[in-house]
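Worksheet: the structure to be examined is printed underneath.
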Amino acid sequence: MRYTDIGKDIKKLGFGLMRLPRKDDQFDLELLQKMVDIYLGKGFSYFDTSPVYGMTQSETIFGKLVAARYPREKFQIATKLPMWTLETPEEIPVKFENSLKALQVDYIDFYMLHGLSSVVSDRFPNSYLDKADRLGAWDFLKRMKAEGKAKHIGFSYHDSAEKLDEILSAHPESEFVQLQINYADWEDDVIQARRCYEVAQKHGVAVVVMEPCKGGTLVEMRADVADVFKTYDAKASLASWAIRYSASLDGIVTVLSGMSTMEQMLDNVGYMENFTPLTDEERNVIRTAKKKLEAVDTVGCTGCGYCLEGCPQQLRIPDLFRILNNQIIYGNKGDAYYRYKNLTSRTPKASDCIACGCCEGACPQHLPVISLLERTANTFEA
Ligand code: SF4
Ligand code: SF4
């Protein structure tokens with residue numbers, strides 16, 4: 001059975017509700033509501049959340065701002081069953097019902113096991129591939145589908161193409177997989193975006209794209225790389241190149257963008273409202289920019305925050321790496337130093353890391369966090 005047509009009627013820009021807009025350390029719901037209205041008003045419809053996003057508030061916020069204000073047929077909602085929060089099989093239906101209630105819906109359009117991977121860590125003490133089988137999570141998904149409470153079932157994934165092949169062979173009930181795909185990671189040895197996409201195609205499952213801008217890395221680029229894009233088309237944003245790249249693939253349900261400002265929203269809906277796939281000439285522009293981009297050694301942190309929970313020193317790891325990348329990409333030492341000083345006046349410094357390793361096991365990008373923190377300390381604290 002092939003599922004690659006699942007998303008054919010869905011516009012190729014999904015609204016990711018992980019990084020919600022903020023104002024003065026609070027979620028800016030007034031702004032988010034305006035953004036939601038523009039997004040839906042332009043005919044877009046797909047929202048992605050999880051019980052763990054937005055400090056566990058994301059599903060509830062979606063319920064209030066979208067489900068309570070729009071007819072059910074106007075939107076699709078995707079949410080997840082975070083495997084690391086489960087201890088017993090009995091918790092699974094409870095979490096599903098909690099999601100339905102928070103989202104204010106009576107069915108979920110795209111329901112997935114959250115973050116399947118074979119990586120074992122302190123946060124995930126057992127392989128959660130095994131855990132999904134052991135707790136009967138797949139059977140639960142199948143049951144929800146049969147009962148019409150989950151329209152489509154699948155999983156979000158951070159691991160090798162080889163492992164993905166194994167999972168899809170063992171679980172042909174999966175209709176879609178959520179993968180990290182962007183032009184920088186397409187041939188990356190760790191993320192294996194191309195190979196994972198090809199495995200999904202081989203099994204006939206649809207793909208939801210996450211991290212099309214690699215956590216913002218492809219939007220905040222060095223001037224010489226940005227110039228490659230700007231010379232070709234002065235008006236097109238850097239985000240538009242990254243999102244259109246992923247949206248041009250076949251068998252895509254949608255491409256998620258974690259829009260947290262009105263500016264990002266207006267830019268995204270502008271070029272995605274009447275989406276056109278990349279031309280061969282545009283692909284060459286990306287190839288040229290990528291060669292330049294690969295000439296510098298940035299930290300491939302997506303800002304997902306999975307490393308934060310287990311850190312005994314409470315280091316703000318993604319914030320520290322963002323500052324380091326800012327210095328690497330822009331060479332803007334003065335600003336990066338200022339930002340580092342500002343951040344570490346309130347939170348621990350990179351040199352406060354005690355090398356316990358909890359973060360490395362939790363990192364879906366498999367980053368050598370400890371040595372990167374040493375590099376951060378050497379850069380800013382020397
Ligand atoms: S290795 Fe360092 S940064 Fe990572 S969890 Fe331990 S103390 Fe925190
Ligand atoms: S270091 Fe890894 S886990 Fe932590 S925010 Fe970055 S990508 Fe996510």
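Numbering of ligands and ligand atoms starts at 1, following listing order.
The pair Asp5-Lys8 does not meet the salt-bridge criterion, since no charged nitrogen lies less than 4.0 angstrom from a carboxylate oxygen. Taking the charged nitrogens against the carboxylate oxygens, Glu166 and Lys163 do have a contact shorter than 4.0 Å, which makes a salt bridge. Ion pairing between Asp28 and Lys34 fails under the 4.0 Å rule for side-chain N and carboxylate O. Remark: Lys292 does not engage Asp227 in a salt bridge, criterion side-chain N to carboxylate O under 4.0 Å. Arg194 has a carboxylate O that lies under 4.0 Å from a charged side-chain N of Glu187, or vice versa, which qualifies the two as a salt bridge. Using a cut-off of 4.0 Å between Lys/Arg side-chain N and Asp/Glu carboxylate O, Lys149 and Asp106 are scored as not salt-bridged. Taking a cutoff of 4.0 Å between a charged side-chain nitrogen and a carboxylate oxygen, Asp319 and Arg339 do not qualify as a salt bridge.
Within ligand 2, the atoms closer than 4.0 Å to a non-hydrogen atom of Gln365 are 7 (S), numbered from 1 in the order shown. Close approach to Ile317 involves these atoms of ligand 1, each under 4.0 Å from a residue heavy atom: 3 (S). The Pro318 neighbourhood of ligand 2 comprises atoms 5 (S), with distances under 4.0 Å to a heavy atom of that residue. Shown in contact with Leu373 at under 4.0 Å from a heavy atom are these atoms of ligand 1, numbered in order with element: 3 (S). The contact set between ligand 2 and Thr302, taken as ligand atoms under 4.0 Å from a residue heavy atom, comprises 7 (S). With ligand atoms numbered from 1 in the order given, ligand 1 contributes 1 (S), 2 (Fe) to contacts under 4.0 Å with heavy atoms of Ala355. Interface of Gln313 with ligand 1, defined as ligand atoms under 4.0 Å from a residue heavy atom, comprises 7 (S). Each of the atoms 2 (Fe), 7 (S) of ligand 1 lies under 4.0 Å from some heavy atom of Ile354.
When distances to atom 8 (Fe) of ligand 1 are checked against a cut-off of 2.8 Å, Cys359 contributes no N, O or S atom below that limit. Within the coordination shell of atom 8 (Fe) of ligand 2, defined by N, O or S atoms under 2.8 Å, Cys307 is absent.
Among all non-hydrogen protein atoms, the one lying nearest atom 6 (Fe) of ligand 2 is Cys301 SG, 2.3 Å. Ranking the protein heavy atoms by distance from atom 2 (Fe) of ligand 2 puts Cys363 SG, 2.4 Å first. The closest protein non-hydrogen atom to atom 8 (Fe) of ligand 2 is Cys304 SG, 2.3 Å. Counting only heavy atoms of the protein, atom 5 (S) of ligand 2 lies nearest to Gly305 N, 3.2 Å.
If you run ring pair (Phe, Tyr, Trp, His ring centres under 6.0 Å) between Phe75 and each of Tyr70, Phe62, Phe44, only Phe62 comes through.
Using a 4.0 angstrom heavy-atom cutoff, Pro364 counts as in contact with ligand 2. At least one heavy atom of Ile370 sits closer than 4.0 Å to an atom of ligand 1.
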Mind running ring pair (Phe, Tyr, Trp, His ring centres under 6.0 Å) on His152 and Phe110 for me, showing each step along the way? CA-CA 5 Å; His152 301 293; Phe110 290 81; 5.0 Å; yes
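Seen from the ring of Tyr107, Arg72 counts as a face-on cation partner, given the 6.0 Å and 45° thresholds.
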